[in-house]
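A quick write-up on the structure given underneath.
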Amino acid sequence: MNKPIPIYLFSGFLGSGKTTLLNQVLDALQESGKKPAILMNEIGDINIDGQMLDANVPMAEMLSGCICCTISGDLSMTIYELMENYEPDIILIEATGIANPMEIIHSITEASLLKKVELKFIVTVIDAPHLLELSLNNKGRTYRLMEEQIRCAGWLVLNKADKVSAHELLELQQKIRGWNAFAPIRATVHCQGSIDFLDEKHAQRDEHYMSEGSHESGACDHADHDQHADLEHPEDEGQQGNTHAHPVGEHTTDHACVSAAHHHSHEHVMVYTHYFEKPIDRDRFELLISKLPREVYRAKGLLRFTDDEQPYLFQFAYRELEILKIRPKADVPSVAVFIGENFSKEEIVAAVWNMQGD
Ligand SMILES: Nc1nc2c(ncn2[C@@H]2O[C@H](COP(=O)(O)OP(=O)(O)OP(=O)(O)O)[C@@H](O)[C@H]2O)c(=O)[nH]1
């Protein structure tokens with residue numbers, strides 16, 4: 001009898017290091033002769049992170065929504081198609097940073113009705129300095145979402161350890177242990193040395209996630225199911241020229257209505273996507289990023305600068321900007337995606353146009 005195809009689900013808040021981890025997992029799997037396939041989910045309408053991954057690995061993209069709610073109905077079919085088309089022996093799913101992994105488990109269970117799959121692990125990547133900052137106040141929607149992502153995990157990667165002190169790292173480990181008593185915690189920098197969840201000896205650890213009963217047993221205890229009732233919904237301005245902004249969750253489908261009965265801790269998150277028609281000035285771009293309002297906590301994109309023909313990938317996570325020269329896998333447009341909470345889209349649009357000198 002054929003063994004079920006293992007699925008690894010990567011969760012963790014925006015910019016915590018999921019793609020960084022995924023890259024290392026891919027390298028390790030390929031070295032050991034495995035044939036992985038990837039499913040990437042992005043809340044924006046372009047898959048920037050996919051440009052960083054090995055072009056030879058089969059990849060399915062689910063864009064403009066979150067697989068834990070707005071487009072969850074498509075997940076089981078996408079998994080099915082990946083398996084039909086590529087016959088992988090392992091599937092890696094990178095959820096959006098705002099996904100509640102518990103909601104995704106239902107769709108994976110659904111996929112197991114179509115094809116033989118089993119969820120091996122939920123691996124949650126934690127941004128150490130970000131969690132530290134939020135834990136000082138012990139409140140806020142992002143903080144609660146992080147808590148849920150941690151509670152649901154079978155493996156925890158406490159990343160960006162270079163950004164906190166040894167004492168703070170210890171404090172964080174204690175806090176995390178309070179939320180999740182069982183998952184191993186790997187404190188790392190750039191997710192190095194944290195992928196031993198691939199070892200067969202750990203393989204059975206997360207088996208209980210495939211059984212519905214585990215929800216009730218407290219593996220992930222959602223105490224606050226009515227949280228979404230008090231969320232503000234930023235006004236969607238719709239499309240304007242080459243721009244696109246929407247609060248995550250605007251694409252309401254029948255399925256989303258069903259899952260809206262569950263708790264969604266991220267309806268306040270907004271995305272604004274800007275496509276550039278011509279190369280931009282590098283210094284002016286860096287200035288723009290340095291002046292972004294605090295409400296925009298994540299940005300990423302692909303850019304062409306006036307001083308170089310090669311495209312660059314930029315990453316902005318919690319006030320840190322990284323710009324890398326890359327060779328994109330496909331002919332991708334120059335684009336920047338801005339993600340945050342309740343920010344003024346008009347302010348960002350004006351700043352971007354101003355930077356371009358238009
Ligand atoms: N200082 C520091 N930066 C890191 C570390 N790990 C990752 N980064 C940087 O953090 C940024 C975000 O990393 P990603 O791997 O793209 O994070 P992600 O979770 O996939 O991001 P989203 O898909 O947007 O949610 C990148 O600029 C990484 O280089 C770390 O341990 N320390």
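When a ligand or atom number is given, it counts from 1 through the structure's own listing order.
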Could you find the nearest protein heavy atom to atom 26 (C) of ligand 1 and give me its residue, atom name and distance? Glu322 OE1, 3.8 Å
With a 6.0 Å cut-off on ring centres, are His130 and Phe13 close enough? yes
Check whether any side-chain heavy atom of Met83 sits under 4.5 Å from a side-chain heavy atom of Tyr80, and report yes or no. no
Is the backbone N or O of Lys34 less than 3.5 Å from a side-chain atom of Asp89, with the two atoms forming a donor-acceptor pair by type? no
Taking heavy atoms and a distance under 4.0 Å, where does Arg298 meet ligand 1: side chain, backbone, both or neither? side chain
Would you say Glu309 has more than 12 foreign heavy atoms packed within less than 6.0 Å of its CD? no
For ligand 1, note which part of Asp49 has a heavy atom under 4.0 Å away: side chain, backbone, both or neither. side chain
Which is closest to atom 10 (O) of ligand 1 in terms of heavy atoms, Lys160, Gln192, Lys163, Lys18? Lys160
For ligand 1, which atoms have a heavy atom of Thr20 less than 4.0 angstrom away? 7 (C), 13 (O), 14 (P), 15 (O)
Here the side-chain hydrogen bond (donor to acceptor under 3.5 Å, both in side chains) pairs for residues 17-30, sequence neighbours left out, are Thr19-Asp49, Thr19-Glu94, Gln30-Asp54
Has Glu171 got more than 12 heavy atoms of other residues, nucleotides or ligands less than 6.0 Å from its CD? yes
Verify same cluster id: Leu321, Val352 (apolar side-chain graph, 4.5 Å): yes
Are the aromatic ring centres of Trp353 and Phe276 under 6.0 angstrom apart? no
Using a 3.5 Å cut-off on N or O atoms only, is Gly17 in polar contact with ligand 1? yes
Of the listed options Gln315, His190, Lys300, closest to atom 9 (C) of ligand 1 (non-hydrogen atoms): His190
Proximity to ligand 1 by part of Asp162, non-hydrogen separation under 4.0 Å: side chain
Any donor-acceptor pair under 3.5 Å linking the side chain of Asn159 with the backbone of Asp127? no
May I ask whether Glu94 has any heavy atom positioned less than 4.0 angstrom from an atom of ligand 1? yes
Work out whether the distance between some heavy atom of Gly15 and some atom of ligand 1 is less than 4.0 Å. yes
Within the 4.0 Å heavy-atom shell around Leu14, which atoms of ligand 1 are there? 25 (O)
For Asn159, the atoms of ligand 1 under 4.0 Å from one of its heavy atoms are 5 (C), 6 (N), 7 (C), 31 (O)
Can you confirm, on distance only, whether ligand 1 has an N/O atom lying under 3.5 Å from any N/O atom belonging to Thr19? yes
By number and element, which atoms of ligand 1 are closer than 4.0 Å to a non-hydrogen atom of Val189? 31 (O)
